[in-house]
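A, B, ... follow the sequence lines: proteins, then strands. Residue 1 opens every chain. Note that this is a predicted model, so its numbers are computed, not measured.
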Protein chains: 2
Amino acid sequence: MSESRYRQIYSILKSGIQQGSYKIGNFLPSEHELCRTYKITRTTARKALDELLKEGFIEKEHGKGSRVKERRQSLGLLTVKGFSEAVGENVHTTFIQKPSLMSWPSDLPFPASENELDSKCIYFERLRGVQDTAVMRECNWFSAQGLDGFLEGDFVDGSFFKTLSQKYFIEITGSEQELRALYADEECASLLKVDPQSPILCISIKFTTSNPLLNIYSNLYCNTEKYPIGNRYYYLPFN
Amino acid sequence: MSESRYRQIYSILKSGIQQGSYKIGNFLPSEHELCRTYKITRTTARKALDELLKEGFIEKEHGKGSRVKERRQSLGLLTVKGFSEAVGENVHTTFIQKPSLMSWPSDLPFPASENELDSKCIYFERLRGVQDTAVMRECNWFSAQGLDGFLEGDFVDGSFFKTLSQKYFIEITGSEQELRALYADEECASLLKVDPQSPILCISIKFTTSNPLLNIYSNLYCNTEKYPIGNRYYYLPFN
DNA sequence: TAGTGGTCTAGACCACGGT
DNA sequence: CCGTGGTCTAGACCACTAG
């Protein structure tokens, strides 16, 4: 069975967004225009747009059109309040370890698949701060499979997820997290500039992606004294 | 302008689910049957079902029908792994403080609206454990407005959210959270049976509900030593 | 007023599940 | 086989936005 027509239109539009043909803030073709272009009815055009809407790629405005939205930055991931709100101003990110090949660690926060363990592992580590305070040490592991050239290229806008999306067309589809309160070990204490034995929030995450062979494993060590970790969820649409 | 037809059908079905006319695991009337019953077309019937699907009330099976689903227990809230997986077996919840009227605390985790502060405040506190370990102290505050009889009634199945849904038809629509790692204070240390100065995970939550005047404010103090706090998100539908 | 999205009708054909 | 949900057509009328 062939892919449904609305999924085809959906994919065409999504690619257009990801590749920048439709830029953030701009409008997609109107529903009637999509009907004419692709010889479909409005039901089908709307179904395609509905998918993009559900996934947060667009927002609709009655009487105006479908506008390309800023992709949710955090994808439901816990984000440091300052990061999303100060938007770059007083926020800094520095690499402790640039992406490089490593053997898989034995204490990965979630068990990896055999397939993953059979291929090489890319690791990178960053330190994130707000103003003059280091607030988060971020460690990331993932399989190098299908990510040719990743070690050589730079990050798009300094964002790992944006890089995956724009260079490799990989989207984050889900995550599994575990939260712990720990005493800071020496390495964390020195990086985050806190006393050893300070309470530290550790967030272990497994991100699943649109590539079934690729998961991202991360450990975030957070100093929550000045900047607690915040996030938001909305379950129901507001009509 | 009157409410759209599909919203009407949606509300009828949702009430049926909430009041138990359609029980968990049973099928709703088929799409064609809804068409006949309410004199609508399948487009409209499907739109109503789509809403229920999005909100997690039902799941659809091709060739079979729309089945009433167990409502997501945690509503995106971080849940203790043991709680969801052991499902009642080794899990226990005890009241430290039964629901009762109080004045609003000055250190509410999120600022409440004037409207809320003008009405009475209901507070209750519970201790949650897995096997013989106390893992979470849960403190809850919310306005008594519109919750007549709340202090007298028991919780439905021991669940606060189920009680709100089934007795007052109030659904959780979103949440805002802040995470902190803290040293245990004396009260927490004694309740959770850990050493004072142990690292404790504090989750502050503001739940918004389908009643714009009602928010739930909670503080969860978690001992994550044995049981880290886990949760899952899925962003994209799996087709 | 023209164009947009929101809702809805009345059909049709298909793929899937169970009998 | 029949009933289910999944997709799609070809229209229609409405409410909202903007020039």
Side-chain angles (χ1 to χ4, degrees), chain A residues 1-14 16-17 21-69 236-239, chain B residues 1-14 16-17 21-70 234 236-239:
Chain A
M1 181 203 122
S2 72
E3 195 184 30
S4 61
R5 196 80 180 100
Y6 82 85
R7 284 298 291 184
Q8 294 174 17
I9 311 298
Y10 155 84
S11 294
I12 292 170
L13 295 172
K14 186 172 139 183
I17 292 172
S21 313
Y22 303 116
K23 294 201 176 16
I24 288 167
N26 289 0
F27 286 101
L28 291 186
S30 77
E31 297 179 356
H32 292 284
E33 205 168 326
L34 290 175
C35 296
R36 288 193 295 274
T37 306
Y38 298 107
K39 312 283 181 217
I40 53 177
T41 55
R42 270 191 73 207
T43 312
T44 306
R46 283 178 64 79
K47 189 94 167 75
L49 293 173
D50 272 355
E51 295 290 301
L52 293 172
L53 190 66
K54 264 196 287 188
E55 299 179 9
F57 282 99
I58 61 169
E59 58 195 345
K60 289 182 152 201
E61 287 177 72
H62 194 167
K64 298 180 78 176
S66 301
R67 195 195 295 270
V68 178
K69 220 172 66 168
L236 306 185
F238 294 89
N239 291 301
Chain B
M1 180 203 122
S2 72
E3 195 185 29
S4 61
R5 197 76 180 104
Y6 83 84
R7 284 298 291 183
Q8 293 174 17
I9 311 297
Y10 155 84
S11 295
I12 292 170
L13 294 173
K14 185 172 138 183
I17 292 172
S21 313
Y22 303 115
K23 295 201 175 16
I24 289 166
N26 290 359
F27 287 100
L28 292 184
S30 77
E31 297 179 355
H32 291 284
E33 204 168 328
L34 291 174
C35 295
R36 288 191 295 273
T37 306
Y38 298 105
K39 313 280 181 219
I40 55 179
T41 54
R42 270 190 73 206
T43 313
T44 307
R46 283 179 64 80
K47 189 95 166 77
L49 292 174
D50 272 354
E51 294 290 301
L52 293 172
L53 190 66
K54 264 197 287 189
E55 298 178 11
F57 283 98
I58 60 170
E59 57 194 344
K60 289 182 153 201
E61 287 176 71
H62 195 166
K64 298 181 75 175
S66 302
R67 194 196 296 269
V68 178
K69 218 171 67 169
E70 176 80 64
Y234 296 107
L236 306 184
F238 294 89
N239 291 301

What integer distance in Å separates [X]:[atom1] from [N]:[atom2]?
X	N	atom1	atom2	value
A:His32	D:dT17	NE2	P	16 Å
B:Leu28	D:dG5	CG	C1'	13 Å
B:Glu3	D:dC14	CD	C1'	17 Å
A:Gln8	D:dC8	CD	P	8 Å
B:Glu59	D:dT4	CD	P	18 Å
A:Arg7	D:dC8	CZ	P	11 Å
A:Arg67	C:dG5	CZ	C1'	14 Å
A:Arg5	C:dC14	CZ	C1'	17 Å

For D:dC8, take OP1 and OP2 only and decide whether either is under 4.0 Å from a side-chain N or O of A:Tyr6.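 A:Tyr6 to D:dC8 OP1/OP2: no side-chain N or O under 4.0 Å.
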NZ/NE/NH1/NH2 to OD/OE distance under 4.0 Å, B:Arg7 and B:Glu51: yes
Given side chains that start at C-beta, do those of A:Ile58 and A:Leu13 come closer than 4.5 Å, heavy atoms only?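 Sidechains of A:Leu13 and A:Ile58: no contact.
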Does a side-chain heavy-atom distance below 4.5 Å link A:Ser11 with A:Glu3?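 Answer yes - side chains close enough.
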So, does B:Thr44 use its side chain to make a donor-acceptor pair with the main chain of B:Ile40 at under 3.5 Å? no
Taking the side chain from B:Arg5 and the backbone from B:Tyr38, do they hold a donor-acceptor pair closer than 3.5 Å? yes
Taking all non-hydrogen atoms of both residues into account, name the closest pair between [X] and [Y] and its distance.
X	Y	answer
A:Lys60	A:Leu49	CE-CB, 3.9 Å
A:Tyr22	A:Phe27	CD2-O, 4.4 Å
B:Tyr10	B:Ala48	N-CB, 3.8 Å

Name the closest nucleotide to the A:Lys60 side chain, picking from D:dG5, C:dG6, D:dC8.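 Nearest nucleotide to the side chain: C:dG6.
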Tell me every residue that passes side chain to side chain donor-acceptor pair (under 3.5 Å) with B:Glu59, counting only those two or more places apart in sequence or in another chain. none
For A:Arg36, which residues count as a side chain to side chain donor-acceptor pair (under 3.5 Å) partner, sequence neighbours excluded?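 Residues passing side chain to side chain donor-acceptor pair (under 3.5 Å) with A:Arg36: none at all.
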Of B:Arg36 and A:Glu61, the one whose closest nucleotide on DNA chain D sits nearer the 5' end is B:Arg36
Tell me which residues in residues 37-48 of chain A lie within less than 4.0 Å of DNA chain C, going by non-hydrogen atoms.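 Those residues whose heavy atoms fall under 4.0 Å from DNA chain C, taken from residues 37-48 of chain A in numerical order, are A:Arg42, A:Arg46.
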Listed partners of A:Arg42 passing salt bridge (charged side-chain N to carboxylate O under 4.0 Å, His left out), at least two apart: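 Only A:Glu31 meet the salt bridge (charged side-chain N to carboxylate O under 4.0 Å, His left out) criterion with A:Arg42.
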Just to be sure I follow the notation: if a pair is Watson-Crick (purine N1 to pyrimidine N3 plus N6-O4 or O6-N4) or a G-U wobble (N1-O2 and O6-N3), each under 3.5 Å, what dot-bracket string does DNA chain C give, with | for pairs to another strand? ||||||||||||||||||.
Polar pairs (N or O, both sides) under 3.5 Å between protein and nucleotides 1-3 of chain D?
from  : atom 1 : to      : atom 2 : distance (Å)
D:dG3 : N2     : B:Gly63 : O      : 3.0

